[in-house]
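Below you'll find the structure I mean.
Note on naming: letters A, B, ... go to the chains in the order of the sequence lines (proteins, then strands), and numbering restarts at 1 for each one.
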Amino acid sequence: MPYQILEKDKRTKARLGRLFTAHGAVETPVFMDVGTLGTVKALTPRDLLETRAQVVLGNTYHLMLRPGAEVIAAAGGLHEFMRWHGPILTDSGGFQVFSLAKNRRITENGCWFNSHIDGHEFFLGPKESMAMQRVLGSDIAMVFDECLPYPCDRARAEKSVAQTLRWAAACRGEERAAGQQVFGIVQGGVYDDLRRHCAEELVKMDFDGYAVGGVSVGEPEECMYAAVEASVPFLPEEKPRYVMGLGVMHQMAECIARGVDMFDCVIPTRIARHGTAITRKGNVAIKAAKWIRDQGPVEEGCDCYCCRNFTRSYVRHLIATGELLGLHLLTLHNVRALNRFMEDARAAIREGNFHDFKEQIRKETTQQ
RNA sequence: GCGGGAGUAGAUCAAUUGGUUAGAUCAACAGAUUGUGAUUCUGUGGGUUGCGGGUUCGAGUCCCGUCUCCUGCC
């Protein structure tokens, strides 16, 4: 039994669970850190352990180009290569079908890309993606899908969903690494019936878990929740649900309340590198002048290494001068901030007051 | 003392033979960022063109004076 539900919230659809992987159990709801190129930018695996990170993401498209399958195979897989011995989830490259849309053309069996690095042409489809994820040896592999843009007309969405389903079936039929789970991905844009259809067809293929994809691609927030509501109810209760690309606290809380267990996002690491801290009182631009002499921590009450040891004044100085330590410390904080958020969310579910927790998060992080 | 060169935004520099509202890049400040093409992107503020005269319809630009700095020569 790879997924176990420990507790269900009464007022919302929130669940407390445990996902078992080849590299350990994951307490859900969980936020997973994005480490596209085999590193969560600016952090070591030791740092990740300290922040109590549970899962790290890798990216098939990017790792396939650099360093390439042979190098990672020679290292014995991604865990060994990057020396992260906890669970790894690999994205299939489906997001790059969206984010690198200028450099690719879709065909029946997959996608021709022109490398964003040197322009050379190469092919990535369900078969190639699963082969690469097998080499990576991730605990959870994602099916190769097409992440649809927003807006997207009905005809295109229909065609794309049909193709995503064909690709999902192809991925399902591929061989896996030892102990590797595979998750399907629900697409369908803003069209509820397409979402439902996609979810139901995926469920027939019997994946280990299911993701909601194609959200947070520029649509209004209500559309995002609508897409989750149009997908999650048609997924099996006893399997983990994962909304891809979400990392804003109140948005994750809303999704947890709708029965979602897993999230990932570049937000904490990216905005850290741009000088912004995630806190329970909303985002704080640490690079702002008003902190220039501030002797308080980045976030009051935070237990991370950055907040326990350094002042806003100092971290601001590091960011302002472009010092590497600034990127490191703020990344460390932001990663810890989201892990702490999830720890509190799990505690709230356990204690039966997740609804209030969610409302409080919304109120306090979105005020002003 | 004499000759030459240079003075323009906080910094480094642009600006056609004199011609619209003196620009650019850093810096500063503000905002974005959602399965990373991201140490990124967008925006804003900022000028007595060393100073004082003159010529001209019009001067950063030409002329005179003056100050400062750099450089060469005695």
Rounding to the closest angstrom, what is the interatomic distance between B:C70 and B:C26 at atom C1'?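 One C1' to the other, the span is 24 Å.
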For B:G50 and B:U39, measure between their P atoms and round to the nearest Å. 41 Å
Got a donor-acceptor pair under 3.5 Å from the side chain of A:Thr269 to the base of B:U36?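 Answer yes: a donor N or O sits under 3.5 Å from an acceptor.
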Span that lies between the P atom of B:A15 and that of B:G7, in whole angstrom: 10 Å
Quick note, A:Thr276 side chain, CB onward, closest among B:U39, B:U33, B:G35 is B:U33
Base, sugar-phosphate or nothing for A:Ala211? Non-hydrogen atoms, less than 4.0 Å.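 Contact class for A:Ala211: none.
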Quick check for you: among B:U36, B:U34, B:C29, whose closest atom lies nearest to any side-chain atom of A:Ala289? B:C29
Check the pair A:His79, A:His23 against side-chain hydrogen bond (donor to acceptor under 3.5 Å, both in side chains), reporting the backbone distance first and the verdict last. CA-CA 9 Å; A:His79 290 89; A:His23 288 81; 3.3 Å; yes
Under 3.5 Å on both distances, the Watson-Crick or G-U partner of B:C62: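 Here B:C62 is engaged in a pair, and the nucleotide opposite it is B:G54.
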Determine the contact category for A:Gly247: base if any of its heavy atoms lies under 4.0 Å from a base atom, sugar-phosphate if only primed atoms, P, OP1 or OP2 are that close, otherwise nothing. base
For B:U17 versus B:C62, give the span between their P atoms, rounded off to a whole number of Å. 11 Å
Distance in angstrom units between A:Lys290 NZ and B:A28 P, rounded: 18 Å
note: A:Leu100, atom CG; B:G35, atom P; distance rounded to Å ~ 13 Å
Watson-Crick or G-U counterpart of B:U68, or none if no pair lies under 3.5 Å: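 Looking at the geometry, B:U68 pairs with B:A6.
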What integer number of Å spans the C1' atoms of B:G37 and B:C41? 13 Å
Is A:Gly35 touching bases, backbone alone, or none of the nucleic acid, heavy atoms closer than 4.0 Å? nothing
Atom pair CD (A:Glu229) and SG (A:Cys255), whose distance is rounded to the nearest 0.5 Å: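 Reported value, rounded in 0.5 Å steps: 9.0 Å.
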Using Watson-Crick geometry (N1-N3 plus N6-O4 or O6-N4) or G-U wobble (N1-O2, O6-N3), each under 3.5 Å, B:A30 is paired with B:U42
Rounded to the nearest angstrom, tell me the gap between atom CE in A:Met224 and atom C1' in B:G35. 14 Å
What is the separation between atom NZ on A:Lys287 and atom P on B:C29, rounded to the nearest whole Å?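 To the nearest whole Å, that distance equals 10 Å.
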The answer to which of A:Gln96 and A:Val248 contacts RNA chain B further toward the 5' end, by nearest nucleotide, is A:Val248
Taking CD1 from A:Ile319 and P from B:U40, how many angstroms apart are they, rounded to a whole number? 12 Å
Tell me: CZ of A:Arg104 to P of B:G37, nearest whole Å?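 Taking CZ of A:Arg104 and P of B:G37, I get 14 Å after rounding.
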Quick one: pull up OH in A:Tyr210 and CG in A:Asp208 and give me the separation to the nearest 0.5 Å. 8.0 Å
G-U wobble or Watson-Crick pairing nucleotide for B:A15 (cut-off 3.5 Å, both distances):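 B:A15 is paired with nothing.
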Within the 3.5 Å criterion, strictly below it, is a donor on A:Glu146 or A:Ser160 matched to an acceptor on the partner's side chain?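 Yes, A:Ser160 and A:Glu146 have a side-chain donor paired with an acceptor closer than 3.5 Å.
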Does B:C73 pair with anything, Watson-Crick or G-U wobble, both distances under 3.5 Å, and if so, with which nucleotide? B:G1
Give a yes/no on whether any side-chain N or O of A:His62 is located under 4.0 angstrom from OP1 or OP2 of B:G37.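 A:His62 to B:G37 OP1/OP2: side-chain N or O found under 4.0 Å.
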With nearest nucleotides of RNA chain B determined for A:Leu324 and A:Val215 from heavy-atom distances, which residue corresponds to the more 5′ nucleotide? A:Val215
With rounding to the closest Å, how many angstrom separate the C1' atoms on B:U55 and B:G23? 28 Å
A:His274, nearest nucleotide to its side chain (from B:G35, B:A38, B:G37):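 The listed nucleotide nearest to A:His274's side chain is B:A38.
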Base, sugar-phosphate, or nothing: which does A:Gln187 touch, judged by heavy atoms less than 4.0 Å apart? base
Would you check if there is a donor-acceptor pair between the side chains of A:His116 and A:Tyr61 at a distance under 3.5 Å? yes
Using a heavy-atom cut-off of 4.0 Å across all strands, would you classify A:Leu89 as base, sugar-phosphate, or nothing? nothing
For A:Tyr3, is the NZ or CZ atom of A:Arg18 found under 6.0 angstrom from the centre of its six-membered ring and inside 45 degrees of the ring axis?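 Judged by the rule (NZ or CZ under 6.0 Å from the ring centre, within 45° of its axis), A:Arg18 is not positioned above A:Tyr3.
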Reference residue A:Asp344; test salt bridge (charged side-chain N to carboxylate O under 4.0 Å, His left out); the match among A:Arg280, A:Arg350, A:Lys358: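 In the set A:Arg280, A:Arg350, A:Lys358, the residue that makes a salt bridge (charged side-chain N to carboxylate O under 4.0 Å, His left out) with A:Asp344 is A:Arg280.
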If you compare every side-chain N and O of A:Asn59 against the phosphate oxygens of B:U36 (OP1, OP2), does one of them come in below 4.0 Å? yes
Taking only the C1' atom of each, what is the distance from B:A59 to B:G19 in whole angstrom?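 Here B:A59 and B:G19 have their C1' atoms 10 Å from each other.
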Quick one: does A:Lys281's side chain have a donor or acceptor within less than 3.5 Å of a partner on A:Ile278's backbone? no
Separation of A:Arg273 atom CZ from B:A32 atom C1', in whole Å?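 Taking atom C1' of B:A32 as the reference, CZ of A:Arg273 is at 15 Å.
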Starting at atom NE2 of A:His250, determine the distance to atom P of B:U34, rounded to an integer number of angstrom. 15 Å
Integer angstrom distance from the C1' of B:U8 to that of B:U25: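 Taking atom C1' in both B:U8 and B:U25, they lie 15 Å apart.
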Is the phosphate of B:U40, meaning OP1 or OP2, less than 4.0 Å from a side-chain N or O of A:Arg270?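 For B:U40, neither OP1 nor OP2 has a side-chain N or O of A:Arg270 closer than 4.0 Å.
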To the side chain of A:Thr36, which of B:G35, B:U36, B:U34 is closest?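 When the side chain of A:Thr36 is considered, B:U36 is the closest of B:G35, B:U36, B:U34.
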